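The structure presented is a predicted model; accordingly, all values stated were derived computationally and were not measured.
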Amino acid sequence: MISGNSSYNASCNASGGESCNASSLTGLLADLQGMTSDSRKVCSGGLFAALSDGKLDGRDFIPDALARGAKAVLVLEGSPKPESLPSDTIWLESKEPRRYLAELASRYHSQKPEHIVAITGTNGKTSSVIFLQQLWFAAGIQCASLGTLGLGRDGGEAQAVEGLDSLTTPEPIALHSLLAKLASEGVTHCALEASSHGLAQHRLDGLRCSAAVLTNLSQDHLDYHKTWDNYRAAKKRLFSELLQENTEENTEENTEENTEENTEKNSWVVLPIDEPFAQEIIEDISAKHSVRLLTTRVSEGCYKQGNDQSNDQGNDQGNDQSSASLNAFNLRIDEERGVMHFSLLFAHKDFCQSKSNSPQGTNHEGTNHQGTNHHGTNHQGTKPSDILLENMQVPFVERFQLNNLLGAIAVFVALSGYRASSKVRDADHSPHQRELELALKNTLANLKGVRGRMQCFKHQKLKRARIFVDFAHTPQALEFVLREARRLLGSSPGSLPGRLPERLSGRLLCLFGCGGERDREKRPIMAEIAAKLANRIYITDDNPRREQPAAIRKEILKPLIKLAQEQKTQEQQTQAKQLEEQQVPFFCEIDDRKLAIEKAIGDMLDGDILIVAGKGHERGQIIGELVRPFDDASVVRATLAKIEKTDIGNGDAVQV
């Protein structure tokens, strides 16, 4: 509600996070000189949002905000008014003040890019938004990306923005202000990362996204969300509450043309069909007839037209390519050139959806997580209306990055003019296919890698050795990068920790730590994953923050020590004794991250791969309350230069 003695003293339903009544706030928003949740930044005639973050209660700073000239104050419903509250101050109360503030910020900074795409998931958000930005830019679209790395414009590398916090998803006032600025500069398409914190804290509320994309979901941030259910619920908000919907009633009197025109206003949902959480989302949005669904899948098998069978090459999902809207298959890796070749199959009907094949209508034409045949098409042949693009390539070799790229491609095609009209006869799609092929082929072949995401360095003295710097800081992400390294090595872990049978080279080395004041449960899980996939492990510090670094390392080391102690042979028992002294090759503990990286590189043999995980793009290390300059890539570069006595450049995020 709103109260006060001004002309804006009107009833407004701000409870439950509902959008504020436009008529009651039009005058207020027009006269406001700004809005902030930091009392030190209040300007005369501005709004102060007195929010609480668990550490500070914003209501304690209302007197300071009023002294600086605040015209309006937003508080939690039921908050007591200060006795010194001026009679002309607008007092706004809401059961969900964060959500209400986001809605106000959206109205205050009303100009937005025409298309906003939000991408969420535990891993892969940064890569996906940057891939999508590159696709748009190559197509001549004025675009931007916003997320962990900062703001990227028109295909350029993302940079930190002055005055913008370092959060993956900015606070709503800063977010809506930035989007308005981008729109005023001509940006029509913007891809942004939607973190679970940002979704839970309503930072994205007030946006109406043209598309929402899921990359994957695994355990993370339980220090904040407390439970797995809460974490999933936060992610699900993007799909259930923040999408652009067509609210017009559809009646029997509507013509087919009107129905198709209305459908064009609806948002797209892009989901990886083999991700279990995707089915939850599909069930959740099944009642939202206006949402248009696209699914993606990466299969390692070969897709052959006609009656030939698909060769799944050991992938039990290789025969189900056609159950997704967009399928990548027939993967072929050229390690020498550092490229991956593949084919793409688009289910044409999905990318031209109308109301009749929306989730509510026919549940995506029978598609489900188990891989039901799609539109009657299966691995034995494509429909005439489907679009098959062969001989595509990208300059990276990590399969999980292809998953991230597929979501970006799906959005690019769905929102762009390359999507053929549903009024075109199914068989008459060859001009569209040629246009789409040209649009994608050159762009994909020249994709730029993402800083700190499998950023590769070559060891000039050990010609076949490679070092990858990656942001992997969750169990799933660490497993992804280690498995990709195993693919490159063409080997499996040895029967004993730290050993490969009859081999001295081709080992997988892994260096990582875990952040302080973050999800503690994932620490032993990450150690177990490293023990399963790596031959040598280096446990060091990540961002310990205010936790004791040694205590964090101890939690990581516990399962490694236990694993060694459970070995049965005399050799393994000897190892176990040495493990207690932390001196054996299987793993070691080095508190100084720089020294740990230097040690790991110094231990490498020709043919080895070293994964330096956890910090990726970060340029600082948080110890206590201080952030000291630190960059994994810079340390790797300097260490190699010292070994090779030469400048090896900046590293290549995609070359292997």
Review point. Once you round to the nearest 0.5 Å, how far does CZ of F396 lie from CG of L447?
Key: 6.5 Å
Review point. Can you tell me if T120 and K235 form a side-chain donor-acceptor pair at under 3.5 Å?
Key: yes
Study note, to complete from the structure: Hits for side chain to side chain donor-acceptor pair (under 3.5 Å) against N543, two or more places apart or cross-chain, chain-then-number order -> K615, E618
Point to revise | Value rounded to 0.5 Å, distance of CG in N216 from OG1 in T122 | key: 5.5 Å
Practice item. Evaluate the criterion side-chain contact (heavy atoms from CB on, under 4.5 Å) for residue pair I537 and F586; output intermediate values, then yes/no. Key: CA-CA 6 Å; I537 304 169; F586 171 39; 4.2 Å; yes
Point to revise | Test item: S634 side-chain N/O and F630 main-chain N/O as donor-acceptor pair under 3.5 Å | key: no
Practice item. Tell me, please, which residues at least two apart from R546 pass salt bridge (Lys or Arg N to Asp or Glu O under 4.0 Å). Key: E517, E625
Practice item. Could you pull out the closest heavy-atom pair between A278 and L271, with the gap in Å? Key: O-CD1, 3.7 Å
Check your understanding: Excluding sequence neighbours, so at least two apart, what forms salt bridge (Lys or Arg N to Asp or Glu O under 4.0 Å) with E479?
Key -> R483, K532
Check your understanding: How would you list, by chain and number, every residue that makes a side chain to side chain contact (heavy atoms under 4.5 Å, CB included) with A118, sequence neighbours excluded?
Key -> L192, A194, C209, L238
Check your understanding: Do Q401 and S127 get their side chains close enough for a donor-acceptor pair, meaning under 3.5 Å?
Key -> yes
Study note, to complete from the structure: Between T296 and A324 the two heavy atoms that sit nearest each other are C-CB, 3.9 Å
Check your understanding: Tell me, do N391 and F342 make a side-chain contact under 4.5 Å, heavy atoms counted?
Key -> no
Exercise for review: Please name the pair of heavy atoms, one in V339 and one in Q393, separated by the smallest distance, quoted to 0.1 Å.
Suggested key: CG1-NE2, 4.2 Å
Check your understanding: Any donor-acceptor pair under 3.5 Å linking the side chain of R545 with the backbone of G516?
Key -> yes
Practice item. Kindly indicate, with the supporting measurements, whether the criterion side-chain contact (heavy atoms from CB on, under 4.5 Å) is fulfilled by L149 and R453. Key: CA-CA 11 Å; L149 300 185; R453 269 62 176 179; 4.1 Å; yes
Review point. With sequence neighbours excluded, what pairs up with D334 under the salt bridge (Lys or Arg N to Asp or Glu O under 4.0 Å) test?
Key: R337
**Study point:** From CG (L489) to CG (L533), nearest 0.5 Å
**Key:** 11.0 Å
Review point. Considering only heavy atoms from C-beta outward, does the side chain of L478 approach that of C510 to under 4.5 Å?
Key: yes
Exercise for review: Look at D608 together with R464 and state whether they make a salt bridge at an N to O cut-off of under 4.0 Å.
Suggested key: no
**Study point:** Derivation and outcome, side chain to side chain donor-acceptor pair (under 3.5 Å), residues N123 and T474
**Key:** CA-CA 8 Å; N123 306 298; T474 68; 3.0 Å; yes
Review point. Would you say the side-chain atoms of S325 pair up with the backbone N or O of L294, donor to acceptor, closer than 3.5 Å?
Key: no
Review point. Any side-chain donor paired with an acceptor under 3.5 Å for T148 and E193?
Key: yes
Practice item. Answer yes or no: is there a donor N or O on one side and an acceptor on the other, between the side chain of K599 and the main chain of L595, under 3.5 Å? Key: no
Review point. Is N535 reaching over with its side chain to a backbone N or O of L508, donor-acceptor style, under 3.5 angstrom?
Key: yes
Point to revise | S128 side chain to A408 backbone, donor-acceptor under 3.5 Å | key: no
Check your understanding: Quick one: side chain to side chain contact (heavy atoms under 4.5 Å, CB included) partners of N403, sequence neighbours excluded?
Key -> V298, R399
**Study point:** side chain to side chain contact (heavy atoms under 4.5 Å, CB included) partners for T639, two or more places apart
**Key:** E598, I601, V635, I643
Check your understanding: Between Q455 (side chain) and G452 (backbone), is there a donor-acceptor pair under 3.5 Å?
Key -> yes
Check your understanding: Would you say the side chain of V612 lies within less than 4.5 Å of the side chain of F512, judging by non-hydrogen atoms?
Key -> no
Review point. Any idea which heavy atoms bring T443 and A138 closest together, and the distance?
Key: OG1-CB, 3.2 Å
Check your understanding: Taking atom CG of L132 and atom CG of L405, what is their separation to the nearest 0.5 Å?
Key -> 10.0 Å
Practice item. Please round to the nearest 0.5 Å and tell me the distance separating atom CG of L509 and atom CG of L610. Key: 5.5 Å
Exercise for review: State, with a plain yes or no, whether a side-chain heavy atom of I556 is found less than 4.5 Å away from one of M526.
Suggested key: no
Check your understanding: For the residue pair W136 and A144, what are the closest heavy atoms and their distance?
Key -> CZ3-O, 4.3 Å
**Study point:** Validation row: F131, I409 side chains within 4.5 angstrom (heavy atoms)
**Key:** no
Practice item. Please list, chain by chain and in numerical order, all residues satisfying ring pair (Phe, Tyr, Trp, His ring centres under 6.0 Å) with F480, sequence neighbours excluded. Key: F400
Exercise for review: Check the pair L605 / L462 against side-chain contact (heavy atoms from CB on, under 4.5 Å), numbers first and verdict last.
Suggested key: CA-CA 7 Å; L605 302 173; L462 306 176; 5.6 Å; no
Exercise for review: Please indicate whether K441 has more than 12 foreign heavy atoms, meaning atoms of other residues, nucleotides or ligands, lying under 6.0 Å from its NZ.
Suggested key: yes
Check your understanding: Who passes side chain to side chain contact (heavy atoms under 4.5 Å, CB included) against E555, sequence neighbours left out?
Key -> R520, R523
Practice item. List for me each residue that meets side chain to side chain donor-acceptor pair (under 3.5 Å) alongside K461, sequence neighbours excluded, and say none if there are none. Key: none
Point to revise | L511 vs R593 side-chain heavy atoms within contact, under 4.5 Å | key: yes
Revision key, fill the gap. Correct closest heavy-atom pair for P549 and P544 would be CG-CB, 3.8 Å
Practice item. For D541, check salt bridge (Lys or Arg N to Asp or Glu O under 4.0 Å) against everything at least two apart and list the hits. Key: R553
Practice item. May I have the step-by-step check of side-chain contact (heavy atoms from CB on, under 4.5 Å) for H341 and M392, ending in yes or no? Key: CA-CA 6 Å; H341 301 269; M392 312 300 285; over 6 Å; no
Check your understanding: Do I387 and L345 come close enough that some side-chain heavy atom pair is under 4.5 Å?
Key -> no
Review point. To the nearest 0.5 Å, how far apart are CZ in R637 and CD1 in I467?
Key: 11.5 Å
Point to revise | Close side-chain approach of L560 and I539, heavy atoms under 4.5 Å | key: yes
Exercise for review: Go through the structure and list residues passing ring pair (Phe, Tyr, Trp, His ring centres under 6.0 Å) with H617, not counting sequence neighbours.
Suggested key: F471
